[in-house]
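Just follow the structure's listing: the first ligand is 1, and inside any ligand the first atom is 1. Bear in mind the structure is a predicted one, so any value in this text is a computation, not a measurement.
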Amino acid sequence: MCISVFGLGYVGCVTAASLANDGHTVVGAEVNAEKVRQINASASPVGEPGLPKLLASVVQMGRLRATTDIAEAVAASDLAMICVGTPSGPHGRLSLGAVERVARDIGCALCARRETYTVVVRSTVLPGTTERAILPALLDGAGPGAARRVRVAVNPEFMREGSSLRDFAQPPMTLVGCADSETGALVRSLYPSITAPFVQTGIRTAEIVKYACNAFHALKVCFSNEIGDLCDAFDIDPQEVMRIFLMDRKLNVSEAYLRPGFAFGGSCLPKDLRALLGAGRSADLTLPLLSTLLPANDARIRRAVDAVMDTGKRRIGVVGLAFKAGTDDLRESPMVALVEGLIGKGCDVRVLDRGVALPRLVGANQRYIQDQIPHIASLMCDDANEILRHAEVLVIGNAGLDAANVLDAADERHIVLDLTRGQLQSTAKALVTIVA
Ligand SMILES: NC(=O)c1ccc[n+]([C@@H]2O[C@H](COP(=O)([O-])OP(=O)(O)OC[C@H]3O[C@@H](n4cnc5c(N)ncnc54)[C@H](O)[C@@H]3O)[C@@H](O)[C@H]2O)c1
């Protein structure tokens with residue numbers, strides 16, 4: 001395929017050289033004339049291991065050339081890839097100047113073109129940018145009637161500087177956000193030698209996945225640094241700790257705990273976090289990331305209380321009381337905190353959780369209920385019908401069997417607030433609102 005690559009920085013150079021190496025004919029377009037001159041002279045404008053050699057080879061084979069002329073690059077290609085920078089603007093806002101400018105210029109170059117043309121966004125942009133800023137800029141340049149001929153896709157790059165050629169060839173996945181399968185198949189055909197899973201999704205989903213990945217990578221760095229600080233304080237080797245930590249592929253490096261839903265709780269996570277933070281304070285450590293976890297969790301509970309109050313209704317049915325479905329452990333359950341918050345705001349609350357059969361509870365659980373939440377025992381319902389009769393608002397706290405039964409039987413009279421954020425597929429006749 002003939003491909004134009006706009007912006008010849010790190011991403012653009014690696015993309016252009018790698019696509020050319022895969023057999024495509026590539027023309028790179030760049031506003032910086034010096035970068036264009038360097039590429040045409042077989043020199044790499046960016047320092048990246050392996051890139052000078054690859055770039056020289058594809059330029060000498062005649063598969064890659066560069067130009068400052070955007071119209072010429074569009075005319076010479078069947079598809080464009082936008083790789084221009086999206087730096088931070090004032091107050092951390094994303095600066096879209098370069099992407100909007102290049103999109104308008106590509107659009108202008110498409111004015112006279114009759115065939116369908118696809119523009120692939122490789123730059124990292126916030127969700128909604130492609131539909132609300134890049135596509136309009138393209139169509140603005142291309143003129144009336146262009147909407148039928150111009151297609152857009154988002155195809156984020158998962159490479160890291162320093163190993164970007166290898167990352168390009170072996171990405172974790174090929175992710176394409178687009179509106180139709182024809183565009184998805186076209187973008188997939190750009191990468192004939194990549195064996196990674198191919199994922200086609202919506203445009204905004206593809207845009208935000210890239211941010212979720214980068215936010216998670218940043219989180220991992222700060223997390224391991226703070227655990228490292230604690231290890232140092234206890235005179236323990238942090239590298240050995242993380243080596244052992246990483247061996248747990250069931251809970252630590254896995255899908256566990258990574259599904260959006262409600263707050264965490266139970267007898268371990270809050271208690272152990274408090275102990276770790278206490279130990280950190282005794283060692284004069286500042287642990288900004290770990291310190292923020294309990295307040296972030298509490299904020300989620302407050303938001304759920306606010307969402308219930310915003311309905312204006314006061315007869316509330318809470319489904320799920322234990323800290324997770326299938327357990328009878330109420331210690332530090334965020335659902336208990338939610339119920340207490342609602343009672344405190346004057347709501348008339350009933351609770352259904354048949355896993356928590358109060359007379360059956362023994363030991364720590366029984367003591368917890370007797371000592372800490374005796375007032376909640378009297379609010380428990382025996383079955384789904386009872387809570388459905390009472391409630392104007394149903395709050396789904398976990399994705400257990402009670403929740404499935406209640407959701408299936410709920411009707412138009414009920415407002416359903418789903419704290420599991422869609423984890424439970426239901427055939428509810430009531431309108432279900434996801435509470436984030
Ligand atoms: N650097 C990385 O490792 C990496 C990895 C994945 C994604 N990204 C994302 O990819 C995008 C590009 O990043 P980068 O590091 O390559 O940026 P960069 O700043 O190195 O390169 C951007 C290039 O675009 C050129 N440019 C600007 N306006 C132009 C226009 N109108 N026409 C043609 N060229 C133009 C600039 O002169 C520059 O050479 C960003 O959105 C970034 O967030 C970067």
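Under 3.5 Å, the side chains of Asp180 and Thr183 contain a donor-acceptor pair of N or O atoms. Defined by atom type and a distance below 3.5 Å, a donor-acceptor pair is missing between the side-chain atoms of Ser181 and Gln200. With hydrogens and angles left out, the side-chain atoms of Ser267 and Glu332 include no donor and acceptor closer than 3.5 Å.
Phe262 and Phe323 have their aromatic ring centers separated by at least 6.0 angstrom.
Every residue two or more places apart in sequence or in another chain that forms a side-chain contact (heavy atoms from CB on, under 4.5 Å) with Arg166 is listed here: Ser163, Gln170.
Leu110 approaches Ala142 most closely through the heavy-atom pair CB-CB, 4.4 Å.
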Could you list each N/O atom of ligand 1 together with any protein N/O atom closer than 3.5 Å, one pair per line with the distance?
unit_1, atom_1, unit_2, atom_2, d
ligand 1, 1 (N), Glu161, OE2, 2.8
ligand 1, 16 (O), Tyr10, N, 3.1
ligand 1, 16 (O), Val11, N, 2.8
ligand 1, 20 (O), Tyr10, N, 3.4
ligand 1, 37 (O), Glu30, OE2, 2.5
ligand 1, 39 (O), Glu30, OE1, 2.7
ligand 1, 39 (O), Glu30, OE2, 3.2
ligand 1, 39 (O), Lys35, NZ, 2.6
ligand 1, 41 (O), Thr86, OG1, 2.5
ligand 1, 41 (O), Thr124, N, 2.9
ligand 1, 43 (O), Thr124, OG1, 3.4

